[in-house]
Amino acid sequence: MSLIDLEMISAFRPSSLDRIRNMILGTGAATMKSRNRFSTILLFAAWLVYVAMLFAFASPALAQNKPIHVIAFGAHPDDCDLGAGGIASKYAILGHKVKFVSLTNGDVGHQSQHGQELAKRRRDEAQEAGRRIGIEYEVLDNHDGNLLPTLEIREQVIREIRQWKADIVIAPRPNDYHPDHRYTGVLVQDASYMVIVPHLVPDTAPLTRNPVFLYYSDRFTQPQPFRPDIVVSIDDVFDKKINMLDAHVSQFYEWLPWTEGVLDQVPKDRAARKKWLAEWPHAARKLQPEWREALEKRYAAQAATIQHAEAFEITEYGRQPSEEEIRVLLPFFPPNPSR
Ligand SMILES: [Zn+2]
């Protein structure tokens, strides 16, 4: 309430408000000393309110300076790696906790293998990929190409998010060419409020704060294009990301090149094929022109030198982070130049 407000109200209720006004401003011989004391009390109270709000509304990681917990979902064992392998590496280097979860076991997408044989191979590749950058990787046993947004799988997603005590959840947008990707987006979207509801999935304790939910970047434009709210440079970990992708032999050196008719271009030599992978547009994630603005917002002059990045959209269903919280939960940006 401003002094002008007090003046206006006191015109209508002189007796009590005059007393308040006098307490604040002093009467007649009121001294600067009492005003200063009041200012000090006011500042202290504002600081207390600020600290209380920080604890009340911020993530557990933000409030208690604990490791940040990130969980990313993909439909297949390699999807998370493509969308967030770079920032996962960056979190792991800083000692934060990252888990990738594939909702299907990948037992279909291959030109010659299928079934349990392929599922085992895909699970082993995912484990190796996670090991290479120091994160956990879980492959759930739902069939590839058959994913549907069922209550059973929604509950699997809710349990994963709760057990990981996630501060950040990453998933595809529910608009995609592949039905498994699309339904992964729907399943995580459907879980994004339910993770805090106590009597739902009662075998796993609910979260006390809704996480921040992010979407991976994509190229789809209907019903609306991806919005790059957060763009993170991965130049410093690009080799680690390629090394992670290189673990998915059945995907990047067999299945995807086969689907694109370039299988004969994949080098046989291990070092040569990794170099080929680093230049393949699927893996390279070169900076998109429309990401530039968000990149410059947080990297300022450094943005001009950045070659590779990962971009994320903040979904409107989870907790909505302030700029300050974005910088705490994604601790990769140079200090805010505006401060
Ligand atoms: Zn996929």
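For ligands, and for the atoms within them, numbers begin at 1 and follow the listed sequence.
Heavy atoms of other residues, nucleotides or ligands lying less than 6.0 angstrom from NZ of K120 number 12 at most.
The nearest N, O or S atom of D79 is closer to the Zn ion (ligand 1) than 2.8 Å. Among the backbone and side-chain atoms of H178, none of the N, O or S atoms lies under 2.8 Å from the Zn ion (ligand 1).
Side-chain contact of H308 with D235: a donor-acceptor pair under 3.5 Å is present, judged by distance alone. A donor and an acceptor atom, one from each side chain of D246 and Y253, are located under 3.5 Å apart.
The existence of a salt bridge linking E324 and R327 is excluded, since no basic side-chain nitrogen approaches an acidic carboxylate oxygen closer than 4.0 Å.
The Zn ion (ligand 1) is closest to atom ND1 of H76 (considering only N, O or S atoms). Its N, O or S atom nearest to the Zn ion (ligand 1) is what matters here, and for H181 that atom is NE2.
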